[in-house]
Q: 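Here it is: the structure, laid out below.
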Amino acid sequence: MKNRINYISLAALTVIGDAFLCLKFSGNLANDLVALVLATLVTVLLALALNYAFIRFKGIKIKLYLPLAILGILALITTAVFTLKSFSFYAAKTMLQANDIFLPFVTLAALSLFLTASGKKVLSKLATLVLPIALGIILFVFAFSVQFMSVKYFIPYRIPGGGMLKAFCPLVLSLAPSVLPIILLSKGKGVKSIASALTVGIGGVAVGMLNVLGIFGSEFAATLSYPYSVSVGTASMGEIFSRLDGFFYALIFFTTLIKVGICIYCTKTLISSLILKISAKNF
């Protein structure tokens with residue numbers, strides 16, 4: 001049970017990762033909702049396909065394993081770099097109010113490498129601690145954003161159109177790459193655990209997306225570089241917390257940290273597995 005919780009925590013946080021930084025809107029509510037459904041569908045189908053492939057091709061010879069492993073390593077490295085860049089651009093522009101991304105990029109990369117070097121156990125414990133806090137922040141922000149929301153923003157008044165790609169592409173490019181490390185981490189945990197992780201992760205992102213739509217509506221949200229971050233800035237809790245930006249900074253830091261850390265860990269695992277197969281001359 002403990003291992004399952006650790007896995008779901010790691011996988012769900014990998015899904016959330018930098019998704020809040022990648023959220024974009026089309027200016028048409030119907031487009032945005034369809035984009036969310038399609039991005040979810042693509043992610044789930046990809047997870048099922050990779051999980052089947054992982055089970056089906058387990059134990060294959062090196063001649064077949066080599067190209068698959070190399071593709072996996074390249075995909076994991078690309079995902080890690082993309083996540084690092086997403087965080088770094090946001091941190092430089094919003095948190096540090098600077099143009100140079102070097103400091104946040106190197107800082108997050110170094111911490112991710114340190115976590116990976118500490119082992120999967122440390123990553124698992126951190127994820128188990130962070131997930132309920134992350135979900136709590138998402139729900140907390142949503143609850144205190146309700147007073148700023150308008151029901152009319154949740155009512156589509158135009159049919160989906162060609163602008164849907166503006167909302168779909170950034171979202172699916174954030175969610176779908178998280179599937180590979182999730183499957184590599186599963187190691188036989190089963191479809192139920194994978195489904196639970198995807199449900200928690202995508203569910204958290206969906207709540208954030210609704211948060212933005214409820215406050216700004218799709219048309220105004222489409223003009224913002226980081227709409228969820230701005231929506232968090234509008235929420236307040238009377239005299240206790242006049243702004244909730246700090247909660248979002250913590251959320252995005254730890255979710256991206258864990259996503260990059262997991263990608264590095266899975267890359268290391270694939271390389272080790274590849275070296276073992278080559279050493280064993282499993283041709």
Side-chain angles (χ1 to χ4, degrees), residues 11-29 31-44 46-47 75-95 101 104-105 108-109 112 134-135 137-138 141-142 163-182 197-198 200-216 218 220-233 245 247-263:
L13 287 171
T14 301
V15 173
I16 294 171
D18 58 338
F20 289 124
L21 298 181
C22 298
L23 280 180
K24 300 295 179 185
F25 296 85
S26 65
N28 180 347
L29 175 62
N31 278 344
D32 299 333
L33 296 178
V34 172
L36 175 61
V37 172
L38 289 179
T40 300
L41 187 61
V42 169
T43 303
V44 171
L46 182 60
L76 288 166
I77 292 173
T78 301
T79 301
V81 171
F82 182 83
T83 304
L84 280 168
K85 286 183 68 178
S86 294
F87 171 81
S88 300
F89 277 113
Y90 174 77
K93 182 178 179 180
T94 307
M95 297 167 68
I101 70 168
F105 189 96
L108 191 69
S112 300
L135 294 178
I137 289 173
I138 293 168
V141 169
F142 185 85
M164 184 178 63
L165 289 178
K166 183 180 178 182
F168 171 75
C169 289
L171 187 58
V172 78
L173 288 175
S174 174
L175 296 179
S178 66
V179 168
L180 180 56
I182 285 174
L198 290 174
V200 173
I202 296 175
V205 175
V207 170
M209 189 170 177
L210 292 175
N211 204 120
V212 176
L213 289 170
I215 294 176
F216 301 127
S218 183
F220 182 62
T223 67
L224 303 172
S225 299
Y226 298 104
Y228 186 69
S229 177
V230 179
S231 73
V232 171
D245 303 77
F247 289 100
F248 179 68
Y249 295 160
L251 170 69
I252 201 62
F253 175 78
F254 283 106
T255 54
T256 51
L257 174 67
I258 288 172
K259 183 172 183 176
V260 175
I262 287 302
C263 286

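Start at 1 with the first residue, then count along the sequence. Quick caveat: nothing in here was measured; it's all calculated off a predicted structure. Side chains are part of it too, since the values below use all heavy atoms of this structure and drop only hydrogens, waters and symmetry mates.
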Q: How long is the span from the CD1 atom in Ile215 to the CZ atom in Phe142, to the nearest 0.5 Å?
A: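 These two atoms lie 9.0 Å from each other.
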
Q: Pick one: which of Asp18, Leu257, Ile252 meets side-chain contact (heavy atoms from CB on, under 4.5 Å) with Phe87?
A: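 Testing Phe87 for a side-chain contact (heavy atoms from CB on, under 4.5 Å) against Asp18, Leu257, Ile252 leaves exactly one candidate, Ile252.
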
Q: How far apart are the C-alpha atoms of Leu38 and Val172, what are their side-chain angles, what is the distance that settles it, and do they pass the side chain to side chain contact (heavy atoms under 4.5 Å, CB included) test?
A: CA-CA 8 Å; Leu38 289 179; Val172 78; over 6 Å; no

Q: Please confirm whether Phe248 and Tyr226 have ring centers closer than 6.0 angstrom.
A: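 No, ring centres 6.0 Å or more apart.
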
Q: Taking it one step at a time, do Phe25 and Leu213 satisfy side chain to side chain contact (heavy atoms under 4.5 Å, CB included)?
A: CA-CA 9 Å; Phe25 296 85; Leu213 289 170; 3.7 Å; yes

Q: Determine whether Leu13 and Phe254 make a side-chain contact, defined as any pair of heavy atoms from C-beta on separated by less than 4.5 Å.
A: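 No. Closest side-chain heavy atoms not under 4.5 Å.
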
Q: Taking all heavy atoms of Lys259 and all of Ser174, pick out the closest pair and write down the distance.
A: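 Smallest heavy-atom distance, with atoms named: NZ-O, 3.1 Å.
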
Q: Quick check for you: to the nearest 0.5 Å, what is the distance between Ser26 atom OG and Lys166 atom NZ?
A: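 With rounding to 0.5 Å, OG (Ser26) is 7.5 Å from NZ (Lys166).
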
Q: Quick check: do Cys22 and Leu171 have side-chain heavy atoms less than 4.5 Å from each other?
A: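 Contact flag for Cys22/Leu171 side chains = no.
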
Q: First locate atom CD1 of Ile262, then atom OG1 of Thr83, and finally report the distance between them rounded to the nearest 0.5 Å.
A: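 It comes to 12.0 Å.
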
Q: Kindly compute the distance separating CD1 (Ile202) from OG1 (Thr40), expressed to the nearest 0.5 Å.
A: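 It is 4.5 Å, given to the nearest 0.5 Å.
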
Q: For Asn211, enumerate each residue passing the side-chain hydrogen bond (donor to acceptor under 3.5 Å, both in side chains) test, keeping only those at least two apart in sequence or located in another chain.
A: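 Applying side-chain hydrogen bond (donor to acceptor under 3.5 Å, both in side chains) to Asn211 gives Ser145.
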
Q: For atom NZ of Lys85, is the number of surrounding heavy atoms from other residues, nucleotides or ligands below 6.0 Å larger than 12?
A: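 Atom NZ in Lys85 is not packed in, count stays at 12 or less.
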
Q: Can you name the nearest heavy-atom pair linking Ile16 to Phe20, along with the distance?
A: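 Answer, listing the atom of Ile16 first, then Phe20: CG2-CE1, 3.8 Å.
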
Q: What are the two closest non-hydrogen atoms of Ala12 and Val200, and how far apart are they?
A: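 That closest heavy-atom pairing would be CB-CG1, 3.9 Å.
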
Q: Taking C-beta and beyond as the side chain, do Ser229 and Tyr90 meet within less than 4.5 Å on heavy atoms?
A: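 They are in side-chain contact.
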
Q: Can you name the closest pair of heavy atoms from Pro227 and Phe216 and give their distance?
A: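 So the two residues come closest at O-CE1, 3.8 Å.
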
Q: Can you tell me how far CG of Leu210 sits from CG of Leu36, rounded to the nearest 0.5 angstrom?
A: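 Output value for this atom pair is 7.5 Å.
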
Q: Indicate yes or no: at least one non-hydrogen side-chain atom of Lys93 is less than 4.5 angstrom from one of Ser225.
A: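 Side chain of Lys93 against side chain of Ser225, heavy atoms only: contact under 4.5 Å found.
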
Q: Give the C-alpha distance, both sets of side-chain angles, the deciding distance and a yes or no for side chain to side chain contact (heavy atoms under 4.5 Å, CB included) between Leu251 and Val232.
A: CA-CA 11 Å; Leu251 170 69; Val232 171; over 6 Å; no

Q: Without swapping roles, check the side chain of Ser88 against the backbone of Phe105 for a donor-acceptor pair under 3.5 Å.
A: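 A pair under 3.5 Å: yes.
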
Q: If the condition is side-chain hydrogen bond (donor to acceptor under 3.5 Å, both in side chains), which residues does Thr79 pass it with, not counting sequence neighbours?
A: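 Result, side-chain hydrogen bond (donor to acceptor under 3.5 Å, both in side chains) vs Thr79: none returned.
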
Q: Backbone N or O of Ala91 within a donor-acceptor pair of the Thr94 side chain at under 3.5 Å?
A: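 No, Thr94 side chain to Ala91 backbone: no donor-acceptor pair under 3.5 Å.
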
Q: Whether Lys24 engages the ring of Phe168 as a cation-pi pair (distance to the six-membered ring centre under 6.0 angstrom, angle to the ring normal within 45°) should be assessed.
A: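 That pair does not qualify as a cation-pi contact.
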
Q: Restricting to non-hydrogen atoms, name the atom on Ala176 and the atom on Leu46 that form the minimum distance, rounded to 0.1 Å.
A: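 The pair with the smallest heavy-atom distance is O-CD2, 3.6 Å.
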
Q: Quick check: closest heavy atoms across Val179 and Ala47, and the distance to 0.1 Å?
A: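 Reported closest heavy-atom pair: CG1-CA, 3.3 Å.
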
